[in-house]
Novice: 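Sharing a structure here in structure tokens format.
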Protein chains: 2
Amino acid sequence: MSEIPSEKILTMMEELLNVASDYTRLKILYVIMDEDKSVSTIVEEVGASQSLVSHQLKVLKKANLVTTHKEGTKVYYKLADDHVNSLLKVVQEHAEE
Amino acid sequence: MSEIPSEKILTMMEELLNVASDYTRLKILYVIMDEDKSVSTIVEEVGASQSLVSHQLKVLKKANLVTTHKEGTKVYYKLADDHVNSLLKVVQEHAEE
DNA sequence: TTGAAATATGAACAAACATTCATATAATAA
DNA sequence: TTATTATATGAATGTTTGTTCATATTTCAA
């Protein structure tokens with residue numbers, strides 16, 4: 001007897017899934033999964049343009065999937081919490097079958 | 001040391017998340033979560049137009065998130081497998097905090 | 001065979017979005 | 001200050017997509 005979540009919860013779920021459902025952002029999330037990394041490192045490892053990565057990092061941050069801290073001129077991004085990990089794991093398992 | 005999934009896997013993950021990341025489709029998935037239901041029942045319980053529900057059911061089916069069987073004029077939809085449940089659970093938990 | 005009920009489909013449209021390009025801002029070093 | 005490195009931002013654009021409206025198809029009963 002699972003209930004349908006409230007409109008508010010459903011909307012929040014929709015937003016989270018929307019943010020996660022982009023190739024570039026998925027790749028970013030994996031790149032910073034184990035340790036926080038600077039934007040320039042993320043740009044290298046993701047293999048996308050600096051502008052695109054910066055735009056998408058902003059999307060991820062606005063949705064609270066990542067947090068940041070600054071060191072000098074560099075900005076380090078990391079996953080916000082463990083839910084993001086769980087989400088990626090479940091989706092990856094589904095995809096790998 | 002989590003590896004970045006292959007391009008193919010990432011694309012599949014992107015597609016799954018995309019399909020899940022819509023308000024109407026999320027609601028449909030919850031409506032048929034416990035038992036399979038006919039389109040007309042889904043339309044009622046979701047509270048969207050028949051056309052919209054039908055279109056979105058098609059999207060869900062194409063992505064293999066749901067399966068169908070026919071009884072007379074009615075078509076019954078149900079969740080394809082348990083991954084869908086797990087995915088919704090993880091996302092819902094994230095949203096509820 | 002007509003009619004009604006259930007479901008699917010196609011066109012049309014506005015809104016959302018990913019990406020690129022050019023440029024701005026911030027921090028530091030020389 | 002000036003130059004350089006790191007990051008962010010804004011405009012522009014082409015594509016995708018959610019929704020509606022109208023209509024088609026299927027199934028079965030009368």
Side-chain angles (χ1 to χ4, degrees), chain A residues 7 10-32 35-80, chain B residues 7 10-32 35-80:
Chain A
E7 185 177 334
L10 277 177
T11 302
M12 292 176 69
M13 292 176 67
E14 185 189 10
E15 278 168 13
L16 168 60
L17 288 164
N18 248 310
V19 169
S21 66
D22 171 77
Y23 190 89
T24 306
R25 290 194 292 265
L26 273 178
K27 220 166 168 185
I28 291 176
L29 292 175
Y30 272 101
V31 163
I32 63 176
E35 37 172 356
D36 51 346
K37 300 205 172 134
S38 69
V39 175
S40 43
T41 304
I42 298 171
V43 167
E44 270 184 42
E45 299 191 4
V46 166
S49 73
Q50 186 273 323
S51 178
L52 176 55
V53 169
S54 185
H55 277 298
Q56 302 300 15
L57 283 172
K58 193 178 186 181
V59 174
L60 292 171
K61 190 171 184 195
K62 191 180 174 197
N64 297 310
L65 294 198
V66 301
T67 58
T68 63
H69 77 273
K70 228 173 175 176
E71 278 180 30
T73 68
K74 297 202 173 182
V75 180
Y76 289 83
Y77 283 76
K78 68 167 180 173
L79 295 193
Chain B
E7 184 177 335
L10 276 179
T11 302
M12 292 176 68
M13 292 177 67
E14 185 189 10
E15 277 168 12
L16 168 59
L17 288 164
N18 249 310
V19 170
S21 67
D22 170 76
Y23 190 89
T24 305
R25 291 194 292 267
L26 274 178
K27 219 167 169 186
I28 291 175
L29 292 175
Y30 272 101
V31 162
I32 63 177
E35 37 173 356
D36 50 347
K37 300 206 173 132
S38 68
V39 175
S40 41
T41 303
I42 298 171
V43 167
E44 271 184 42
E45 299 191 4
V46 167
S49 74
Q50 185 274 324
S51 178
L52 176 55
V53 169
S54 186
H55 276 299
Q56 302 300 16
L57 283 171
K58 193 178 184 181
V59 173
L60 291 171
K61 189 173 184 192
K62 192 179 173 199
N64 297 310
L65 294 199
V66 301
T67 58
T68 63
H69 78 273
K70 227 174 178 177
E71 278 180 30
T73 67
K74 297 201 171 181
V75 180
Y76 289 83
Y77 283 76
K78 68 167 180 175
L79 294 192

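Sequence lines set the chain letters: A, B, ... in the order given, protein chains first and strands last, and positions in each chain run from 1. Given the structure is predicted, the values throughout are model-derived calculations rather than measurements.
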Novice: Indicate, with a heavy-atom threshold strictly under 4.0 Å, whether B:Ser40 touches base, sugar-phosphate, or nothing.
Specialist: sugar-phosphate
Novice: Remember a base hit wins even if backbone is also touched, and classify B:Lys70 as base, sugar-phosphate or nothing at under 4.0 Å, heavy atoms.
Specialist: sugar-phosphate
Novice: Need one value for B:Tyr76: base, sugar-phosphate or nothing, where a base atom within 4.0 Å counts as base even if backbone is also close, heavy atoms only.
Specialist: nothing
Novice: Please give me the minimum heavy-atom distance between A:Ser21 and B:Glu14, naming the atom from each residue.
Specialist: O-CG, 3.7 Å
Novice: For C:dT19 and A:Thr24 - does any side-chain N or O of the residue sit under 4.0 Å from the phosphate oxygens OP1/OP2?
Specialist: yes
Novice: Measure CD/B:Gln50 against C1'/C:dT7 and give the value in whole Å, please.
Specialist: 6 Å
Novice: Once you round it to whole Å, what is the distance between P of C:dT7 and CD of B:Glu44?
Specialist: 11 Å
Novice: Under a criterion of less than 4.0 angstrom to any heavy atom of chain B, what are the 5'-terminal and 3'-terminal contacting nucleotides of DNA chain D?
Specialist: D:dG18 to D:dC28
Novice: Ion pair present between B:Glu35 and B:Lys78, side-chain N to carboxylate O less than 4.0 angstrom?
Specialist: no
Novice: Between C:dT25 atom P and A:Lys74 atom NZ, what is the distance in whole Å?
Specialist: 23 Å
Novice: Nearest nucleotide by nearest heavy atom, which residue falls closer to the 5' end of DNA chain D, B:Val59 or A:Ser51?
Specialist: A:Ser51
Novice: Looking only at heavy atoms, what is the nearest atom pair of A:Glu45 and A:Val31, with distance?
Specialist: OE1-CG1, 3.4 Å
Novice: Taking CD1 from B:Ile28 and C1' from C:dT7, how many angstroms apart are they, rounded to a whole number?
Specialist: 13 Å
Novice: Between A:Gln56 and B:Leu52, which is nearer to the 5' end of DNA chain C once each is assigned its nearest nucleotide?
Specialist: B:Leu52
Novice: Please give me the minimum heavy-atom distance between A:Tyr23 and B:Glu7, naming the atom from each residue.
Specialist: OH-CG, 3.0 Å
Novice: Just how far, in rounded Å, is P of C:dA18 from NZ of A:Lys62?
Specialist: 12 Å
Novice: Assuming nearest nucleotide by heavy-atom distance, tell me which of B:Thr73 and A:Glu71 is located more 5' along DNA chain C.
Specialist: B:Thr73
Novice: Could you tell me the separation between the NE2 atom of B:His55 and the C1' atom of C:dT7, rounded to a whole number of Å?
Specialist: 11 Å
Novice: With a 4.5 Å cut-off on side-chain heavy atoms, are B:Glu71 and B:His69 touching?
Specialist: yes
Novice: Going by the side chain to side chain contact (heavy atoms under 4.5 Å, CB included) test, name the single residue among A:Ile28, A:Thr24, A:Val43 that passes it with A:Leu57.
Specialist: A:Ile28
Novice: Pairing donors with acceptors under 3.5 angstrom, does anything connect the side chains of B:Ser54 and B:Ser51?
Specialist: no
Novice: Rounding to an integer number of Å, can you tell me how far A:Leu60 CG sits from C:dC17 C1'?
Specialist: 14 Å
